[in-house]
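Down below is the structure, laid out as structure tokens.
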Amino acid sequence: MKKQPFKGIDLSSDTSTQPTMAMKKAMLAAPLGDEQKREDPTTRKLEELTADLLGQEDALFLPSATMGNIIAIRLLCQPGDELIAAKQSHIIMAEGGGAAVHSGVLIKPIQTNTGLFTEQDLHAAFRFEESPRYPASTAVSVENTTNLGGGLAWKTETLQAVLTKAKELKLKRHLDGARLCNAAIKMNVGIAELSQEFDTVTLCLSKGLGCPMGAVLAFKNNFSLQAERLKHLFGGAMRQSGMTAAAGIYALKNHIERLVEDHKHAEIFFKKLKSEIEEIRVEEHEASTNMVFFEWQGLHLSSDQFYQACVNQGLRFSRTDHNRFRAVMHLGVSRKDVNLAAEVLKKVIKN
Ligand SMILES: *Cc1c(COP(=O)(O)O)cnc(C)c1O
């Protein structure tokens, strides 16, 4: 079935952003070469810029952040190892079982409602007893911001305590920082401060940063050779990828600071739902960024009917569970759209 692009206010994801005209111009102007031979100057430039930005030594431009996570897990773990991660993390929920399929790795989920966990949670998840029968706890993955957990930024102290505990347990550390820039803007800290102590870091360019595609995996030099082999193995080596890498370079310069607007819009939307729409129960969190999660509680419409009515009225969310909805703010959503979205909801409820 061929799906048409959605017309209306699309709050389903920050992946629905379209490249701006200025971004497209930067793409057109990019010098290009054969990336698979490492001869694409624009891709190399993006890799250097992101390695620097993330406080790492090297980076690879990849088609997607999913591939970044897959390569990272393969770099850090052996088949039969156990990777510790929050139960709702993207690597568990949204990568087709990639850790198991590509690396033979088990994931030990930490039970949490928000995707955030503490050093005590990590301690409790770690297998201290060594036995040929047990999988070995080898690595921990931190998601920042936590996507399905609520779009939350980690508090610097909690993150630091988890990292210290991970080092004490000799766990390797992966950061799924698909939306790391949102976290840094929210917490008002430098991006590298949140990422430099990890062994591997995924950053997605096609979410809030607004690129048409792409992600980077950053790491220390010791992983460079193996990471490049894995990128090729998984079919991620490209050709004149500088055209898309140029969008990434543009985004790093022009689309990070503006994330504050998306956070503001999420806050406005949250307040409207909470104070003006009784039929909706909105999740309330500290340190939320560009997402608002809510449940439909009206009695006259089922949650299916509610969702369909919104879509019919030109307003789309994503549905993360039968009755849990996610509204995501991004550069394609203006202040006016936010107000309009709230009006559409009221209209749906009245009818
Ligand atoms: C979207 C997302 C990814 C994967 O990104 P793609 O570029 O779409 O593959 C990984 N981790 C998190 C937390 C995400 O939200």
Side-chain angles (χ1 to χ4, degrees), residues 10-19 46 50 54 59-74 83 85-99 101-102 107 109-110 112 114-117 139-154 159 173-184 186 191 194-195 198 200-218 230-231 234-236 238 241 244-245 247-248 251 255 259 262 266 287-293 317-320 326-330:
D10 194 351
L11 304 182
S12 62
S13 177
D14 42 10
T15 56
S16 66
T17 49
Q18 297 270 337
L46 172 68
T50 43
L54 298 168
L60 285 176
F61 181 47
L62 301 171
S64 71
T66 298
M67 190 184 282
N69 288 341
I70 286 171
I71 293 176
I73 292 170
R74 186 73 170 254
L83 168 78
K87 72 168 185 188
Q88 57 280 83
S89 54
H90 197 276
I91 55 171
I92 296 180
M93 299 296 287
E95 297 182 7
V101 174
H102 300 293
I107 303 184
I110 292 182
T112 145
T114 55
L116 306 169
F117 51 89
V140 58
S141 176
V142 165
E143 194 173 291
N144 196 9
T145 63
T146 68
N147 179 350
L148 293 177
L152 310 184
W154 283 66
L159 183 62
R173 305 171 296 279
H174 174 58
L175 173 60
D176 182 354
R179 295 186 181 80
L180 189 66
C181 299
N182 292 83
K186 177 70 189 188
I191 295 170
L194 300 175
S195 57
F198 286 86
T200 49
V201 182
T202 301
L203 174 74
C204 190
L205 298 167
S206 70
K207 303 265 168 84
L209 294 180
C211 298
M213 60 161 284
V216 289
L217 180 69
L230 290 170
K231 169 175 165 171
F234 290 128
M238 296 172 275
S241 57
T244 45
H255 287 175
L259 291 171
D262 300 342
S288 43
T289 53
N290 65 331
M291 300 180 184
V292 180
F293 285 78
F317 311 109
S318 65
R319 218 170 161 178
T320 66
R326 185 187 73 164
V328 189
M329 305 300 158
H330 52 78

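When a ligand or atom number is given, it counts from 1 through the structure's own listing order. Just so it is clear, the model here is predicted, and its values are computed rather than measured.
For ligand 1, the atoms sitting less than 4.0 Å from at least one non-hydrogen atom of Thr66 are 4 (C), 5 (O), 6 (P), 9 (O), numbered in the order shown with element in parentheses. Atoms of ligand 1 lying under 4.0 Å from at least one heavy atom of Asn69, given by number and element, are 10 (C), 11 (N). Near Glu143, the atoms of ligand 1 lying under 4.0 angstrom from a non-hydrogen atom of the residue are 13 (C). Residue Lys207 approaches ligand 1 through these ligand atoms, each under 4.0 Å from one of its heavy atoms: 1 (C), 2 (C), 3 (C), 4 (C), 5 (O), 14 (C), 15 (O).
Here Asn69 contributes atom CG and Glu95 contributes atom CD; the two are 4.5 Å apart, rounded to the nearest 0.5 Å. Taken from CG in Leu180 to CG in Leu54, the straight-line distance is 6.5 Å, to the nearest 0.5 Å.
Closest to atom 15 (O) of ligand 1, if we only count protein heavy atoms, is Arg179 NH1, 2.8 Å. Protein heavy atom at the shortest distance from atom 11 (N) of ligand 1 is Asp176 OD2, 2.7 Å. Remark: minimum distance from atom 10 (C) of ligand 1 to any protein heavy atom is reached at His90 ND1, 3.3 Å.
Relative to atom 6 (P) of ligand 1, the option among Ala65, Gly149, Ser206, Cys211 with the closest non-hydrogen atom is Ala65. Of the candidates Ala215, Gly214, Ala178, Ala178 brings a heavy atom nearest to atom 12 (C) of ligand 1.
Side-chain N or O atoms of Arg74 include one that pairs as donor or acceptor with a backbone N or O of His102 at under 3.5 Å. Although no hydrogens or angles enter the test, the distance criterion places no donor-acceptor pair under 3.5 Å between the side chain of Gln88 and the main chain of Asn147.
For Asn182 and Asp262, the side-chain atoms include no donor-acceptor pair closer than 3.5 Å. Between the side chains of Ser141 and Asp176, no donor N or O sits under 3.5 Å from an acceptor N or O.
Between Met213 and Leu205, the closest heavy-atom pair is O-CB, 4.3 Å.
In this structure, Met213 does not count as a contact residue of ligand 1, since none of its heavy atoms falls inside 4.0 Å of the ligand.
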